[in-house]
Amino acid sequence: MSTVKAFAAAEAKDTLKPFTYELPKIGNEEVDIKVHYCGVCHSDLSMLDNEWGMTQYPFVPGHEIIGEVVKIGSEVKNVKVGDFVGLGWNSASCMHCKTCMDGDQHLCNSVEGTIVGRHGGFADYVRSHWSWAIPLPNGIDLKKAGPLLCGGITVFNPILLADVKPTDKVGVIGIGGLGHMALKFLNKWGCEVIAFSSTPNKKDQIIAMGATKVINSKDPKELESIAGSLDFILNTTNVTLDWNSYLTALAPKGRFHTVGAVLEPMAIPAFSLIMGEKSVGGSPLGSPALTSTMLDFCVRHDIYPIVEEFPMEKVNEALQHLRDGKARYRIVLKA
Ligand SMILES: [Zn+2]
Ligand SMILES: [Zn+2]
């Protein structure tokens, strides 16, 4: 195997077409993965459309990969040929800076994205550095695990960063691809979980995902009814909301954490933070070690995203389904 059969866009917003490319000789620390499943994430669309100005064409999306190791470089020790691994948004980091040595490889200054300047997982094979080829725990459901590698770790990391306790009362804003996984994690963590949704007609589904209560985020009265009660709020939306009303919902010492990449500056009144010693934070993804811990937690508690499966050949239909806002709640391509 050195010719990879992939699906690529020739320019921004183009449909994907079959595309082949040659892999150079494998590096000492690299791993080649045969793709079995690959999730479709909003970031694939953002990159396809060059929203962040860093896309190189031809562009092969795909960064929620579940696959089998088929070749390893001479220095690779964490996986062997035949192992099943997951590969997410990141696929390499320097492995020698202080941040990497601290185990925060996802924050390394030279961290490399799986679909940034390299070809991703909408393909039969994909290559990464060994450190981001995460061995999968026994018993994991390969069909549904892909989205955990990007969306899943994105909402799992904040639970540890914000030191959320099982006794905490918490809130999740936005019950979509990210938010529904956050509800499941926080429910199994032991928390009382409030879901903030602008479509409360999904209430029964949202309760089934692990929320104890659904608050209509469009109704200021409902938001006021929980003022001062939440220890932690996770925002998964990327639109501007009335942030102060959420800060008001926090209990003293409460933490507001965003993983939604809100493009406009967020208006945070200092007075809301000062009175009550509240804090605001954010985070991207998580480290390989934490990703591994998360996958063990998922197997132990049977936590998976709700997925819709498309065959890889129907990748353009799958992307359109996501563009139309119809994904319930994550899409996975089967190779
Ligand atoms: Zn993603
Ligand atoms: Zn580094």
Side-chain angles (χ1 to χ4, degrees), residues 9 29 35 37-52 54-55 59-67 86-123 126 128-132 134 144-158 174 176-182 185 234-238 258-262 282-291 294-295 304-308 310 315 318-319 321-323 325 327 329-333:
E29 299 193 25
V35 178
Y37 297 94
C38 188
V40 183
C41 174
H42 265 283
S43 309
D44 290 312
L45 281 183
S46 298
M47 285 291 291
L48 176 53
D49 296 348
N50 200 19
E51 271 175 29
W52 301 326
M54 60 182 186
T55 309
F59 169 68
V60 180
H63 61 273
E64 296 184 340
I65 297 148
I66 296 292
L87 175 67
W89 176 258
N90 293 316
S91 54
S93 69
C94 83
M95 297 301 279
H96 57 77
C97 71
K98 184 175 181 299
T99 305
C100 281
M101 294 302 283
D102 270 342
D104 292 321
Q105 291 90 343
H106 60 302
L107 304 178
C108 173
N109 264 335
S110 48
V111 70
E112 293 177 27
T114 300
I115 58 170
V116 184
R118 62 167 78 205
H119 294 315
F122 292 3
V126 67
S128 81
H129 187 266
W130 62 263
S131 55
W132 290 97
I134 317 282
K144 297 182 189 167
L148 295 170
L149 274 298
C150 177
I153 188 63
T154 296
V155 296
F156 187 76
N157 190 16
L178 292 175
H180 91 290
M181 285 190 263
F185 282 131
L234 182 66
N235 174 49
T236 70
T237 69
N238 60 3
T258 189
V259 294
V262 185
S283 59
L285 303 142
S287 69
L290 189 63
T291 305
M294 173 198 69
L295 293 173
Y304 293 100
I306 298 169
V307 303
E308 297 176 287
F310 287 70
V315 61
L319 286 170
H321 192 62
L322 182 62
R323 276 191 199 281
Y329 283 81
R330 291 294 272 204
I331 300 169
V332 170
L333 301 174

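Both ligands and their constituent atoms are indexed starting at 1 by order of listing.
In this structure, CG in Asn157 is found 8.5 Å from CG in Leu285, a value given to the nearest 0.5 Å.
The Zn ion (ligand 2) forms the vertex of an angle spanning SG of Cys108 and SG of Cys94; to the nearest 10 degrees it equals 110°. Angle SG(Cys100) to the Zn ion (ligand 2) to SG(Cys97), rounded to 10°: 110°. To the nearest 10 degrees, the Zn ion (ligand 1) sees SG of Cys150 and SG of Cys41 at an angle of 130°.
Using a cut-off of 2.8 Å, one finds that His42 contributes no N/O/S atom close to the Zn ion (ligand 1).
Ring orientation note: the planes of Trp89 and Trp52 are nearly perpendicular, at an angle over 60° on the 30°/60° scale.
Annotation: side chain of Cys41 is in contact with side chain of His63 (closest heavy-atom distance under 4.5 Å). Between Lys98 and Asp102, some side-chain heavy-atom pair lies under the 4.5 Å cut-off.
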